[in-house]
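The structure appears right after this line, and notes come after that.
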Amino acid sequence: MKTILLPTDFSKNSMNSIHFALTLFKDVKCDFYLLNVQKASSFISDDMMVVGSSTTIYNTIINAAKKSLTNIISKVKERYNNDKHRFHFMVDYDNFIDAIDQVVEKNQVDLIIMGTKGASGLQKVIFGSNTVRVIQRCKVSVLAIPDNCAFSNLNKVTFITNNTASFKTTHLKPLADLVVLNDSKLHVLHIADEHHLVQKQSENVDFFSSNFVNPIHDYIDIKTKDTYDVVHKYIVRNHIDMLCMIGEKHSFLERLFNRHLVETFAFSIDIPFLVMKNN
């Protein structure tokens, strides 16, 4: 039984990620937790600080969110009619990341699936920004679903690495599970630039060859600072359906990209983006 967290702000984008998750795991027994997080600042202003009024407003907002979650669950149950899936919902009144962390810990969540919407500069939408924060700060793996990305078979999946660290099977379990579930072909993209020695390349090639069925190993030497474009061209050229990596602080993920890599990909990539943790 997998436990999957589906944060939602009721937007079209977040609803798309819910449908993606239900289709992706249609053959897997899952507990899905739908979470909506409300903030005090969204409905309490300076002229509403009377306890009675604030309480009434709070109850109204929370009850409306609960009703919306109930309606979503009713609709997806009717649409998918999948007895392998169980649904739970909750509304929290908290900091977004704190709310996510509490649900993850309490329910032993295996994977967070949520949407992200492209934006640039100061025009980042709130939900997209939240997705980046979850990827960066939460302790479990996150599968980010781009805006308008409909589910299709994950025929080709790419894992990207600069080979400065070794891997363990526990780190890559979400990737292994998805590869098996979709009978995907794994491409391992080994990246190096003038600042990086590939100390672990041979070791990691052996690791992937031992733990995955006939993975394809590709190698790119980066001669430019604009690594995103190089990787994106690789994705397009090879018809890759999902990109995966390990999220680590102070790793090549931050050094190889002009902007923070997680932010760059989460706001730019147009295929599902899995970020795993090496906790």
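These numbers come from a predicted model, not from an experiment.
- Scanning both residues, Gly115 and Asn13, for their nearest heavy atoms gives C-ND2, 3.5 Å.
- Counting only heavy atoms from C-beta outward, the side chains of Phe96 and Arg133 approach each other to under 4.5 Å.
- Here the closest non-hydrogen pair linking Lys156 and His187 is CD-NE2, 3.9 Å.
- Counting only distance, with no hydrogens or angles, the side chain of Asn16 and the backbone of Cys149 share a donor-acceptor pair below 3.5 Å.
- A chain of hydrophobic side-chain contacts below 4.5 Å, direct or via other Ile, Leu, Val, Met, Phe, Trp or Tyr residues, connects Tyr80 to Phe87.
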Below 3.5 Å, can you tabulate the donor-acceptor pairs from side chains in residues 68-75 to any protein atom, sequence neighbours excluded?
from  : atom 1 : to    : atom 2 : distance (Å)
Ser68 : OG     : Ala64 : O      : 3.1
Thr70 : OG1    : Lys66 : O      : 2.9
Asn71 : ND2    : Lys67 : O      : 3.4
Ser74 : OG     : Thr70 : O      : 3.0

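- Hydrophobic clustering of Ile, Leu, Val, Met, Phe, Trp and Tyr side chains at less than 4.5 Å, counting indirect connections, unites Val28 with Leu34.
- Rounding to the nearest 0.5 angstrom, the gap separating the CE atom in Met114 from the OG atom in Ser14 is 8.5 Å.
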Show your working on side chain to side chain contact (heavy atoms under 4.5 Å, CB included) between Arg137 and Ile100 and close with a plain yes or no. CA-CA 10 Å; Arg137 296 174 56 185; Ile100 295 280; over 6 Å; no
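- Within a 6.0 Å sphere centred on CG of Asp206, other residues, nucleotides and ligands contribute more than 12 heavy atoms.
- Cluster membership check: Tyr219 does not share its hydrophobic cluster with Val230, using side-chain heavy-atom separations under 4.5 Å among Ile, Leu, Val, Met, Phe, Trp and Tyr.
- Linking Ile, Leu, Val, Met, Phe, Trp and Tyr whenever their side-chain heavy atoms come within less than 4.5 Å leaves Val236 and Met242 in two separate clusters.
- Rounding to the nearest 0.5 angstrom, the gap separating the NE2 atom in His85 from the SG atom in Cys30 is 4.5 Å.
- At a threshold of 4.5 Å between non-hydrogen side-chain atoms, the residues Ile191 and Ile160 count as touching.
- Between the CD1 atom in Ile113 and the CG atom in Leu24 there is a gap of 6.0 Å [rounded to 0.5 Å].
- The closest side-chain heavy-atom distance from Val157 to Asp241 is not below 4.5 Å.
- With Asn95 contributing its side chain and Asp98 its backbone, the two residues share a donor-acceptor pair below 3.5 Å.
- Between Pro272 and Phe20, the closest heavy-atom pair is CG-CZ, 3.6 Å.
- Using modelled atom types, one finds no donor on one side chain facing an acceptor on the other under 3.5 Å when comparing Gln38 with Asp92.
- There is no path of hydrophobic side-chain contacts, each under 4.5 Å, that joins Phe167 to Val205.
- Counting heavy atoms from C-beta on, the side chains of Leu5 and Val104 come closer than 4.5 Å.
- You'll find the ring centres of Phe32 and Phe25 outside the 6.0 Å limit.
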Ile145 and Phe151: CA distance, side-chain angles, deciding distance, side chain to side chain contact (heavy atoms under 4.5 Å, CB included) verdict: CA-CA 9 Å; Ile145 309 301; Phe151 178 82; over 6 Å; no
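- Between Ile246 and Thr161 the shortest side-chain heavy-atom distance does not fall below 4.5 Å.
- You'll find the side chain of Phe159 stays beyond 4.5 Å of the side chain of Leu189, heavy atoms only.
- The aromatic rings of His88 and Tyr33 lie parallel to each other, with less than 30° between the two planes, well short of the 60° mark.
- Separation of atoms CG (Asp270) and CD1 (Ile235) is listed at 7.5 Å; rounding is to 0.5 Å.
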Yes or no on side chain to side chain contact (heavy atoms under 4.5 Å, CB included) for Thr8 and Leu35, after CA distance, side-chain angles and deciding distance? CA-CA 6 Å; Thr8 179; Leu35 171 67; over 6 Å; no
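- Note that OG of Ser202 is 10.0 Å distant from NE2 of His190, once rounded to the nearest 0.5 Å.
- For the atom pair CG (Asn182) and CG (Asn153), the distance works out to 6.5 Å, reported to the nearest 0.5 Å.
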Please report the C-alpha distance between Asp31 and Asn107 in whole Å, then the side-chain angles of each, then the deciding distance to 0.1 Å, and finally whether the side chain to side chain contact (heavy atoms under 4.5 Å, CB included) criterion is met. CA-CA 10 Å; Asp31 273 324; Asn107 299 286; over 6 Å; no
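- Side-chain contact annotation: Thr3 with Gln108, donor-acceptor N/O pair under 3.5 Å absent.
- With Ser184 contributing its side chain and Leu154 its backbone, the two residues share a donor-acceptor pair below 3.5 Å.
- The two residues Thr23 and His19 have their closest heavy-atom pair at OG1-O, 2.9 Å.
- Shown here for Ser141 and Met276, the closest heavy-atom pair between the two residues is OG-CA, 3.4 Å.
- For the side-chain contact (heavy atoms from CB on, under 4.5 Å) test with Asp110, the passing option among Lys173, Met1, Lys2 is Lys2; the others fail.
- Side-chain contact between Ile112 and Leu143: absent, with no pair of heavy atoms (C-beta onward) separated by less than 4.5 Å.
- Taking 4.5 Å as the limit, every side-chain heavy atom of Phe89 sits out of range of all side-chain heavy atoms of Asn36.
- For Thr169 and Asn211, the side-chain atoms include no donor-acceptor pair closer than 3.5 Å.
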